[in-house]
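Here the structure is laid out as structure tokens; the discussion comes afterwards.
Side chains included, hydrogens not; waters and symmetry mates left out as well; all remaining heavy atoms used. Chain naming here is simple, since letters A, B, ... match the order of the sequence lines and numbering starts at 1 in each. Keep in mind the model is a prediction, meaning the values are calculated, not measured.
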Amino acid sequence: MQQLPDLLTAGVRSGLQTLYQLDAEAVDVTLQSTRKEFAGEFTVVTFPLTRLARKKPEEIGQELGEYLKGQLDEVADFNVIKGFLNLVIADRYWIDFLLQQAQEERFGQAPRTEERVVVEFSSPNTNKPLHLGHVRNILLGWSTSQLLDAAGYDVKRVQIINDRGIAICKSMLAWQRFGEGKTPTQAGMKPDHFVGKFYVRFEEEFQREYTAWQEEQFTKSGGKEGMGSEAHWKEYRNTYFNEFSGLGRAAKAMLRAWEEGDPDVVALWKKMNGWVYEGFDETYRRLGVTFDKLYYESDTYLLGKDMAEAGLEKGVFYKKEDGSVFVDLTDAKLDQKAILRSDGTSLYITQDLGTARLRYDDFGARRMVYTVGDEQNYHFQVLFEILKRLGEPYAEGLYHLSYGMVDLPTGKMKSREGTVVDADDLMDEVIQEAYNSSLERDATSELSEDERREIIRKIGMAALKFQIIKVGPQKRMTFDPKESVDLQGQTGPYVQNAYVRTRAVWRKAVSPELAAAADYRELEPTERELISQLYAYPGLVQDAAANYDPSVVAMYCYELAKALHKFWHDVSILSAETDAAVAFRLSLCRAVGNVLKSGMGLLGIEMPERM
RNA sequence: GGCUGCGUAGCUCAACUGGAUAGAGCACUUGACUACGAAUCAAGAGGUUUCAGGUUCGAAUCCUGACGCGGUCACCA
């Protein structure tokens, strides 16, 4: 069956041809959904047509409306307000749509293709546990991967684990010095938190050392005066770490030892990373995400040198006198960028070049999505530009799923100031709040304790996930932990509640005669609203996937849930006037329930059957 | 400073990519459970879309400038 927007656009074109002898193909028809306060579901904007038809917008609307009503069975009525022609779709069309397409199991999902896409997300460091920033990354990456799956792609989910570098050495060193040989189990801690504790310990010890050193400098030069401002010392911190700090020296020595393959250091590194992975696995499990393949930076950090060579041969890169390799991107409004150091060793960008190629070799994907914070926008511009110039086969399909930082109401999260919101704590908190809230209700009191706990977990997680996903990815967001435990209003539990209602009415319905639904004739306003929203679902999912934007799906689910709640309030379902109405409304509930479950599923949010 | 992103109700966010009277939720005020589930519904109040110009039938959206807040400018990752 032809889709309404196409059908209406074609109708408008032929109307313009018939009424005004316009070259239909040349006309841009503006079709949008009708605003709530007016009657109708689709609106044609006639302003742009005035010059071509040489008539007033109202006249065009009137004439075009009459033409469409006469020509198309689907158009039952219309009204014209200024330059807007609102089209009312026939009840018959909506009823048939609801009873047929909207009941299909895979409603909203595109047919599967062979085309493959790799989605990277999470990509943590292994020196401390996951925090709120990771949570946004993970939820975005996961839901985007689900969207691409619904759009028919064969999706591979990957993460690159930053398991090497100075940060993990800091944790290792602190554990060596202050850990007393204890394991997470002995300390009774979640293992990634255990490792994180030593990272914090290192920073504390370092700060102490740095402060003492400053005092010493003051004493030597006979006073604080002229020794620089607080800002200066803050900035100098790095220099101190690199040049004067004993702890800094030890950490860097450890990094060198690791790179040289020192067996003791490598063993320690393996042990502590193992703890972290154990902890991460637990967090991923609770978040409900999985990966198809993990890449470890310790395996990939030397990659990309061959691509540097290839780039030199192709003339894309050039070699400086000191032996370093550069690429000149100034003609693309970017800068010159180093690809290899003068000693021939690789850099961050080199590694990313190699990793992109590695993934292509692994999966044959011509599309790759990188879920990485917007502070790396420039890096990815450069990376993608280079890959294009190298003529990589997947270069046109690269996308940086960039997202804004998560702030707290008190400002930025600062690990050094201990204001970082831990992912595990956050989940505990929202689930606890859902528990408190459920105590005030008795809808689940007849269930077993296990069943109730499972429902409460779903509610808490829905509140958290929805709160984060509903914000557009690009936007920097403020996250208030207090708001995340809200269970009312524009929230995940609100949507879940709508779903639960659609299920409850089916549990109450005894042997319903569904066949009678086809005899239903006239739609109530809330029913039209629900059906036209259902109608938009498949297109919305495809758009969301094309734009890598799960937030529109979240807002859609909210709007649909809202329409369901209103419908629920306005009309009777099981005690409706006629058998046809009962059957029809039951079918409507089922279709809405399915779409809510499907849409929220794309966001990684589970739906309870009761709550 | 160069480049770049953002600025919408007290707060958190929308606005179908240039369309109608800029919409939701939270918080605040008020009303609705003997009803298929009130984690709900209905109503009220809340705005010069940071400011000043411009483009056009029409601007929160595009252009110019100012102000404010981020990010980024390593042979670090």
Consider the side chain of [X], meaning its heavy atoms from C-beta on, and name the nucleotide among [options] that approaches it most closely.
| X | options | answer |
| --- | --- | --- |
| A:Leu487 | B:A39, B:C41, B:C73 | B:A39 |
| A:Tyr494 | B:U40, B:C75, B:A77 | B:U40 |
| A:Lys475 | B:U8, B:C57, B:G37 | B:U8 |
| A:Gln488 | B:U21, B:A39, B:C13 | B:A39 |

[X] side chain near [N] phosphate (N/O to OP1/OP2, under 4.0 Å):
| X | N | result |
| --- | --- | --- |
| A:Lys482 | B:C11 | no |
| A:Lys333 | B:C3 | no |
| A:Arg476 | B:C6 | no |
| A:Lys508 | B:G37 | yes |
| A:Arg35 | B:U21 | no |
| A:Trp506 | B:C36 | no |
| A:Arg441 | B:G37 | no |

Any side-chain donor near an acceptor of the partner, A:Thr478 and A:Asp407, under 3.5 Å: no

Side-chain donor-acceptor pair present, A:Asp486, A:Thr491, cut-off under 3.5 Å: no

When all nucleic acid strands are considered with a 4.0 Å heavy-atom cut-off, which category describes [X]: base, sugar-phosphate, or nothing?
| X | result |
| --- | --- |
| A:Pro409 | nothing |
| A:Ile573 | base |
| A:Thr478 | sugar-phosphate |

[N] [atom2] sits how many Å from [X] [atom1], rounded?
| X | N | atom1 | atom2 | result |
| --- | --- | --- | --- | --- |
| A:Gln336 | B:A74 | CD | C1' | 14 Å |
| A:Gln381 | B:U4 | CD | P | 9 Å |
| A:Asp407 | B:C11 | CG | C1' | 15 Å |
| A:Met477 | B:A14 | CE | C1' | 14 Å |
| A:Glu609 | B:C36 | CD | P | 20 Å |

Measuring only the [atom1] atom in each nucleotide, how far is [N] from [M]? A whole number of Å is fine.
| N | M | atom1 | answer |
| --- | --- | --- | --- |
| B:U61 | B:G18 | P | 11 Å |
| B:A20 | B:A66 | C1' | 32 Å |
| B:A45 | B:G31 | C1' | 15 Å |
| B:U21 | B:G58 | P | 13 Å |
| B:G65 | B:A27 | C1' | 38 Å |
| B:A42 | B:G25 | C1' | 16 Å |

Going by modelled atom types, is there a donor-acceptor pair between the base of [N] and the side chain of [X] at under 3.5 Å?
| X | N | result |
| --- | --- | --- |
| A:Ser572 | B:A35 | no |
| A:Thr50 | B:C57 | no |
| A:Asp486 | B:A39 | no |

For [X] and [Y], take the angle between the two ring planes, folded into 0 to 90°, and tell me which bin it lands in: parallel under 30, tilted 30 to 60, perpendicular over 60.
| X | Y | result |
| --- | --- | --- |
| A:Tyr535 | A:Phe42 | perpendicular |
| A:Tyr494 | A:His565 | perpendicular |
| A:Phe206 | A:Tyr240 | tilted |
| A:Tyr399 | A:Tyr548 | parallel |

Residue closer to the 5' end of RNA chain B, A:Glu483 versus A:Lys412 (nearest nucleotide): A:Glu483

Given RNA chain B, 5'-ward residue of the pair A:Ser438 and A:Ser33, judged by closest heavy atom: A:Ser33

Face-to-face contact A:Phe84 to B:A20 six-ring, under 5.5 Å, under 30°: yes

A:Tyr558-B:A24 aromatic stacking (under 5.5 Å, under 30°): no

A:Arg51 CZ: over 12 foreign heavy atoms closer than 6.0 Å: no

